[in-house]
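Positions are given from 1, in the same order as the sequence printed here.
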Amino acid sequence: MPWLLVPGLLAATATTGAGTAAADENPQLPGGATAAFGGLGTYGQAVVREDGEARTIPAGLFEMSVDGGGTLKTYGIDIDNPTQPDAQYREAPWSATSLQANKQAGKIHWILRHSYPQVNDLAELARKAKAPGLTEADAAAGTQVAIWRQSDGVDVSAADPQAERLADFLERSARALAEPKASLTLDPPAVSGKAGERVGPVTVRTGARGVTVGPPVDAAASGVEVVGEDGRPLTSAADGSRLYFDVPEDSAGSAVLTVQASTSVPVGRAFVAQTRSQTQVVAGSSESTVSATATVAWAEQGPVPALSAERNCAKGGVDVTAANRGDQDFRFSLLGVKYTIPAGRVRTVTIPLQEDQAYDFTITGPHGIAERFQGVLDCRTKASEPVDGIAPQLAPSPATAGGAGASSHDLAETGSSDATPVIAAVAVGFLVVGGLVVFLLRRKGAPEDGAE
């Protein structure tokens, strides 16, 4: 029987409870923090000059509320992209953002570490920048301006002279720093194996002192137990810990593991939205709740794929990886084209997407395996087109303009219809299928581990 990759809104029902849970309730995350966008908290004004015209926009620190507890301070890196109130964000590697192709990304990290709010001694910051009387609003605006110059390459200056001096100082002083590590991930995010065996390992990567290991979803029904390298059950782990799954004999199925920790999110980490909203970089973090998930699949015989996906901005799409740990080929078909992953092999397929395009698709496999992947491909700093035909409104209204302590205001507020994500998801479903069919057709003729 062939297995399918289908648009999420048109997905076939999984054949077991575990598979359904994985598809409908646990869209796979790369790990780390998830947060709700709040808006601008501390800010001033900046002036952008382009094509002989100048426009004034707010510039400063955004605020985000971490799911499960905690707060983040962030700066934006896509000056012409809109921000959406209450948008849901998730922590992401630079490779999943416009930073992946930006040679100045390391300098942005330096600016974040050497300016406000990481440096909250304004007198010292003012002395270094030769900006006497620097206020919090000036510091936030100057820092954002310096970041925009690196992230977007635009002609932008701070409206306040002291903020402009700070921006110039940061731009002159910036040196490249490496990308910070994720607050919490599980590597790999999916594993599979034979029934009755110990499947894994999945390695914990975190800066937290320790993580809590909960029982897999539906553990009582599935009979799956999480153990360490010594085979003993685990309820906690640390950075570098290797987790294994003891899976039952004489059965087939899948389960989802979640680990959780409390830690600060590293400065410089990127956050991407589930809908179209401006990419953010972390400038400060309280103690926050972070989590990561991993899936395990098992069967007595036949194909046993482990499925995962991540955005790949270098290739302009989503990389879907399937590792077949079974004893038979894993086959799926699209529009009459068959694709094969031989037993014991791993294959990654890049699904091409358009910039700013929402995607929502589910990969289904044998034994109730069903993994759903959702998001928006945001890999460039320039918005490809206005949201719902409305251009980003970059200037706040006079009633809400202000600095520190003023009412929060988004950098670019736009209207949108509640139906937009649904329409986008349906549209990209066909794009996903078409793009993968093109890939498969190109692979056709490589029977060793490709199309049949």
Side-chain angles (χ1 to χ4, degrees), residues 25-43 60-78 83-94 96-97 99 108-109 112-113 116-118 120 140 143-144 147 179-186 189 204-214 236-239 256-294 310-311 374-376 378 404 407-411:
E25 300 172 9
N26 295 286
Q28 207 164 55
L29 304 178
T34 57
F37 186 78
L40 276 171
T42 304
Y43 63 97
L61 268 176
F62 291 98
E63 298 175 349
M64 302 177 73
S65 298
V66 178
D67 298 340
T71 58
L72 301 176
K73 302 289 187 181
T74 64
Y75 288 105
I77 61 171
D78 298 342
T83 58
Q84 300 293 343
D86 302 319
Q88 292 296 310
Y89 279 76
R90 63 176 57 168
E91 187 178 342
W94 288 0
T97 74
L99 294 174
I108 294 173
H109 187 190
L112 292 165
R113 286 195 171 277
Y116 182 77
Q118 285 299 300
N120 56 17
T143 305
Q144 177 65 92
I147 289 171
E179 178 180 0
K181 295 181 179 179
S183 60
L184 175 62
T185 59
L186 292 175
V204 177
R205 307 291 186 194
T206 183
R209 291 182 295 274
V211 301
T212 301
V213 179
S236 62
D239 181 47
V256 179
L257 167 70
T258 299
V259 298
Q260 193 173 82
S262 180
T263 187
S264 59
V265 179
V267 170
R269 288 296 291 174
F271 272 73
V272 297
Q274 292 294 86
T275 55
R276 183 179 165 190
S277 190
Q278 185 180 108
T279 301
Q280 304 286 303
V281 285
V282 175
S285 169
S286 70
E287 194 80 358
S288 300
T289 299
V290 297
S291 62
T293 62
E310 62 180 351
R311 296 201 311 186
Q374 300 170 279
V376 174
D378 183 3
S407 299
S408 293
H409 188 89
D410 294 337
L411 179 63

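With hydrogens and angles left out, the side-chain atoms of R276 and Q84 include no donor and acceptor closer than 3.5 Å.
Residues K181 and P266 have side chains not in contact (no heavy-atom distance under 4.5 Å, counting atoms from C-beta outward). Under the 4.5 Å side-chain criterion, counting only non-hydrogen atoms from C-beta, T34 is not in contact with T289. Counting heavy atoms from C-beta outward, R90 and V272 have side chains that approach closer than 4.5 Å. Looking at heavy atoms from C-beta onward, D67 lies in side-chain contact with Q88 at the 4.5 angstrom threshold. Taking 4.5 Å as the limit, some side-chain heavy atom of L99 sits within range of a side-chain heavy atom of V281.
Atom CE of residue M64 and atom OG of residue S285 lie 11.0 Å apart, to the nearest 0.5 angstrom. The distance from the OG1 atom of T263 to the CZ atom of R209 is 7.0 Å, given to the nearest 0.5 Å. For the atom pair CZ of R269 and OG1 of T74, the computed distance is 14.5 Å after rounding to the nearest 0.5 Å. For the atom pair Q278 CD and Y89 OH, the distance stands at 6.5 Å (nearest 0.5 Å). Of the inter-residue distances, the one linking L40 atom CG with Y75 atom OH reads 10.5 Å to the nearest 0.5 angstrom. Note: T83 OG1 to D78 CG = 11.0 Å, rounded to the nearest 0.5 Å.
Relative orientation of the W94 and H109 rings is perpendicular, given thresholds of 30° and 60° on the angle between their planes.
Annotation for V211 and A261: closest pair CG1-CB, 3.6 Å, computed over non-hydrogen atoms. Considering all non-hydrogen atoms of both residues, V66 and T71 come closest at CG2-N, 4.1 Å. Among all heavy-atom pairs drawn from A33 and S183, the shortest one is N-OG, 3.9 Å. For the pair A87 and T275, the tightest heavy-atom approach, listed with the atom from each and the gap, is CB-OG1, 4.1 Å. Taking both residues in full, the closest heavy atoms of L61 and A283 are given as CD2-CB, 4.0 Å, listed atom of the first, atom of the second, then distance. Taking each heavy atom of A35 and L72 in turn, the nearest pair found is CB-CD1, 4.3 Å.
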Would V282 and L112 satisfy side-chain contact (heavy atoms from CB on, under 4.5 Å), going step by step from the backbone distance to the final call? CA-CA 8 Å; V282 175; L112 292 165; over 6 Å; no
With side-chain contact (heavy atoms from CB on, under 4.5 Å) as the criterion, how do V213 and L257 come out once you've worked through the C-alpha distance, each side chain's angles and the decisive distance to 0.1 Å? CA-CA 8 Å; V213 179; L257 167 70; 3.9 Å; yes
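When atom types are taken as modelled, the side chain of D239 and the backbone of G207 share no donor-acceptor pair closer than 3.5 angstrom.
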